[in-house]
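Right, one structure below, let's go through it.
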Amino acid sequence: MRKLNMATSKPVMLQILDDLAHPDRFTTHPMFGEYALHADGKTVGFICDGTLLVKILPASAALAKRGKTGKPYPGAKDYHLIEANEVAKISDLAEILFAIAAGLPEKKRKR
């Protein structure tokens with residue numbers, strides 16, 4: 001397990017979004033110098049310390065063979081860790097992220 005030091009530059013975040021190749025379906029939200037990654041409006045991971053962290057769920061099981069995990073912040077659950085320069089090398093990564101989003105519950109509307 002790797003400990004993250006924080007601070008992701010905007011160019012790194014934009015490169016990860018570009019590598020995912022679906023600009024109409026992926027968005028980010030800045031959080032404490034890092035970014036939350038959303039697929040189809042649902043949070044599927046984080047971009048921290050120049051690394052993509054993907055939620056560990058049945059839909060992301062294919063990423064387990066990579067064997068790298070880490071936490072986006074102290075006290076968080078483990079996430080699959082994917083270095084920024086490896087995002088483009090995982091041909092089905094976008095589909096995995098869309099499957100995670102499809103399996104997550106809809107956001108509750110505030111009244």
Side-chain angles (χ1 to χ4, degrees):
M1 183 170 57
R2 177 179 156 196
K3 183 178 179 182
L4 300 175
N5 297 323
M6 299 297 193
T8 297
S9 68
K10 189 171 184 177
V12 170
M13 178 272 296
L14 292 173
Q15 182 61 51
I16 289 173
L17 285 178
D18 188 52
D19 289 345
L20 291 172
H22 291 275
D24 55 327
R25 295 183 69 186
F26 287 109
T27 58
T28 59
H29 179 84
M31 294 178 55
F32 309 109
E34 303 298 346
Y35 298 89
L37 176 67
H38 307 283
D40 297 332
K42 296 179 182 175
T43 305
V44 295
F46 297 95
I47 302 171
C48 299
D49 196 28
T51 303
L52 176 61
L53 290 97
V54 177
K55 286 186 176 188
I56 296 177
L57 295 170
S60 64
L63 298 176
K65 65 184 174 197
R66 303 180 63 76
K68 297 179 186 177
T69 62
K71 298 177 187 294
Y73 52 88
K77 294 179 180 181
D78 279 340
Y79 283 68
H80 295 294
L81 254 172
I82 303 168
E83 299 295 332
N85 62 352
E86 295 179 6
V87 170
K89 298 175 186 175
I90 304 171
S91 61
D92 59 345
L93 182 57
E95 288 73 23
I96 290 169
L97 296 172
F98 295 140
I100 291 170
L104 294 173
E106 293 295 324
K107 288 184 179 179
K108 293 181 181 180
R109 295 183 184 243
K110 292 182 181 180
R111 295 179 186 207

Here the gap from Leu93 atom CG to Glu86 atom CD, rounded to the nearest 0.5 Å, amounts to 11.0 Å
Q) Taking C-beta and beyond as the side chain, do Lys71 and Asp78 meet within less than 4.5 Å on heavy atoms? A) yes
Decide yes or no on ring pair (Phe, Tyr, Trp, His ring centres under 6.0 Å) for Tyr79 and Phe46, but give the supporting numbers first. CA-CA 9 Å; Tyr79 283 68; Phe46 297 95; 5.6 Å; yes
Residue pair Ile90 / Ile82, side-chain heavy-atom distance below 4.5 Å: yes
For the pair Glu34 (side chain) and Thr8 (backbone), establish whether a donor and an acceptor sit closer than 3.5 Å, ignoring hydrogens and angles.
-> yes
* To do: Side-chain contact test, heavy atoms from C-beta onward, threshold under 4.5 Å: evaluate it for Leu57 versus Leu104 and give yes or no.
  => yes
Closest heavy-atom pair, Ala39 versus Leu97, reported as atoms and distance to 0.1 Å, is CB-O, 3.9 Å
All heavy atoms of Leu53 vs all of Thr51, minimum pair found to be CD1-O, 3.5 Å
Using residues 13-22 as the side-chain source, report each donor-acceptor pair under 3.5 Å to any protein atom, sequence neighbours left out, with the distance given to one decimal.
from	atom 1	to	atom 2	distance (Å)
Gln15	NE2	Asp19	OD1	2.7

**Message:** Please verify the inter-ring angle class for Phe26 with Phe98; under 30° counts as parallel, over 60° as perpendicular, anything in between as tilted.
**Reply:** parallel
Using modelled atom types and a 3.5 Å cut-off, is there a donor and acceptor pairing between side-chain atoms of His80 and backbone atoms of Ser60?
yes
Practice prompt. Could you tell me whether Glu83 and Arg66 have a side-chain N and a carboxylate O separated by less than 4.0 Å?
Written response: no
When every non-hydrogen atom of Lys42 is compared with those of Pro105, the smallest separation belongs to CE-O, 3.8 Å
Closest heavy-atom pair, Ala62 versus Ile96, reported as atoms and distance to 0.1 Å, is CB-CD1, 4.1 Å
**Report entry** ILVMFWY network linking Leu37 to Ile56, side-chain heavy atoms under 4.5 angstrom
**Finding:** no
Report yes if some heavy atom in the side chain of Thr69 is under 4.5 Å from a heavy atom in the side chain of Leu81; otherwise report no. no
(Q) For His38 and Thr27, which I'm curious about, is there any donor-acceptor pair between the side chains at under 3.5 Å? (A) no
